[in-house]
Chemist: 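Have a look at this one before I ask anything.
Chain A is the first sequence line, chain B the second, and so forth, proteins listed ahead of strands; every chain is numbered from 1. Note: hydrogens, waters and symmetry copies are ignored here, and every other heavy atom, side chains too, is used.
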Protein chains: 2
Amino acid sequence: MTLGDMDFPTPGPGHDCRMVREILDLVGDKWSLYIIASLKDGPVRFNELRRRIDGISQRMLTITLRGLERNGLVSRTLFPTIPPRVEYELTDVGRSLLEPVMALTLWANANQLNIQHARARYDAS
Amino acid sequence: MTLGDMDFPTPGPGHDCRMVREILDLVGDKWSLYIIASLKDGPVRFNELRRRIDGISQRMLTITLRGLERNGLVSRTLFPTIPPRVEYELTDVGRSLLEPVMALTLWANANQLNIQHARARYDAS
DNA sequence: CAGTATCCAACGCGATACTG
DNA sequence: CAGTATCGCGTTGGATACTG
């Protein structure tokens, strides 16, 4: 079974939810959303990106950027100077992802306390 | 740094995106969304749920349900009969999560091909 | 029926060291 | 500057067996 076999309530009837898990596989890891957020205002170089995202290792920055590039969410531009210079930038597709992520953000802000309380209640019992 | 330290473009200005990663921690695992989708039409018993979600093990169904229950997204009702009967149901909070998930779904459907092609191109080079 | 318990393989990620 | 290579640990999740 895939998520697509089950349908969520939708704006228009008959629409299903194929591929939701695929998005989570895209940006559901530890760092992708931080990178996307860090790139929202324009191109950023590798080490600058690293400085902006506190706690990320060089290795994970490279790996995560490769994934985002592979999926067409981020573009990589190499300027063959010495020393080399590489700029990462959101593609249009990558930028368009900010909208649904915003919807999640709003939900999170609205339900943050609900969840905290639910957890406290559950852990108490 | 948290995601909240970076702001996404928003409907209203000055709004940030705190807690996005927290949602991913809530439902970003392998099975949560399948369970939520399976519960959208009303309460379902344990083994029925298991039958509806192809591939999930008994163990993972239990664990994932406990997590959703703890976070207040799913409620668990025990009918102390013999044999026991347990019904799981989306809470209002859990149900409200379907909306932002829908936004992600729509994005996925719109960008599915883009992503496939991007991957094909990347893997070819 | 609705779980628990145990074991284990795969993966994600961090730390560290090295390079064109 | 912008990476790659290697190692190792902790977590996730699957398989299987057992239980009130």
Chemist: Can you tell me the distance, in whole Å, between the CZ atom of Arg51(A) and the P atom of dG3(D)?
Modeler: 14 Å

Chemist: For dG3(D), does either OP1 or OP2 sit under 4.0 Å from a side-chain N or O belonging to Arg66(A)?
Modeler: yes

Chemist: Taking any strand in view, what nucleotide pairs with dA15(D) in a Watson-Crick or G-U wobble way, both distances under 3.5 Å?
Modeler: dT6(C)

Chemist: Is it true that a side-chain atom of Ser125(A) and a backbone atom of Tyr122(A) form a donor plus acceptor pair closer than 3.5 Å?
Modeler: yes

Chemist: Give a yes or no on this: more than 12 heavy atoms of other residues, nucleotides or ligands lie within 6.0 Å of atom CD of Glu99(B).
Modeler: no

Chemist: Let's see if you can work this out: which of dG3(D), dA2(D), dG3(C) has an atom nearest to the side-chain heavy atoms of Arg76(A)?
Modeler: dG3(D)

Chemist: Considering residues, nucleotides and ligands other than Asp92(A), do more than 12 of their heavy atoms fall under 6.0 Å from its CG?
Modeler: no

Chemist: Which heavy atom of Ile35(B) sits nearest to which heavy atom of Leu61(B), and what is that distance?
Modeler: CD1-CD1, 3.7 Å

Chemist: Rounded to whole angstrom units, what separation is found between the CG atom of Leu78(A) and the P atom of dG3(D)?
Modeler: 8 Å

Chemist: Rounded to the nearest angstrom, tell me the gap between atom CD1 in Ile53(A) and atom P in dC13(C).
Modeler: 13 Å

Chemist: Rounded to the Å, how far apart are Phe79(A) CZ and dG20(C) P?
Modeler: 24 Å

Chemist: Check Pro84(B) against Leu78(B) and note the closest heavy-atom contact, atom names and distance.
Modeler: CB-CD1, 4.4 Å

Chemist: In whole angstrom, what separates Arg50(B)'s CZ from dC1(C)'s C1'?
Modeler: 11 Å

Chemist: I need the CD1-P distance between Ile82(B) and dG3(C), as an integer number of Å.
Modeler: 15 Å

Chemist: Find which nucleotide of DNA chain D each of Thr62(A) and Pro83(A) is nearest to by heavy atoms, and output the residue with the more 5' nucleotide.
Modeler: Pro83(A)

Chemist: In Watson-Crick or G-U wobble terms, both distances under 3.5 Å, what is the partner of dG20(C)?
Modeler: dC1(D)

Chemist: Categorize Tyr88(B) for me: base, sugar-phosphate, or nothing, with a 4.0 angstrom heavy-atom threshold over every strand shown.
Modeler: sugar-phosphate

Chemist: Walk along nucleotides 9-16 of chain D from 5' to 3' and tag each nucleotide B, S or - by protein heavy-atom contact under 4.0 Å, base first, then sugar-phosphate.
Modeler: ----BBB-

Chemist: For Leu104(B) and Leu97(A): C-alpha separation, side-chain torsions, deciding distance, then whether side chain to side chain contact (heavy atoms under 4.5 Å, CB included) applies.
Modeler: CA-CA 8 Å; Leu104(B) 266 191; Leu97(A) 182 59; 4.3 Å; yes

Chemist: Quick one: which of Arg76(A), Glu48(A), Arg45(A) gives a side-chain hydrogen bond (donor to acceptor under 3.5 Å, both in side chains) with Tyr88(A)?
Modeler: Arg76(A)

Chemist: Tell me the interatomic distance from Leu61(A), atom CG, to dA15(C), atom P, rounded to whole angstroms.
Modeler: 14 Å

Chemist: Measure CG/Asn47(A) against C1'/dT4(D) and give the value in whole Å, please.
Modeler: 14 Å

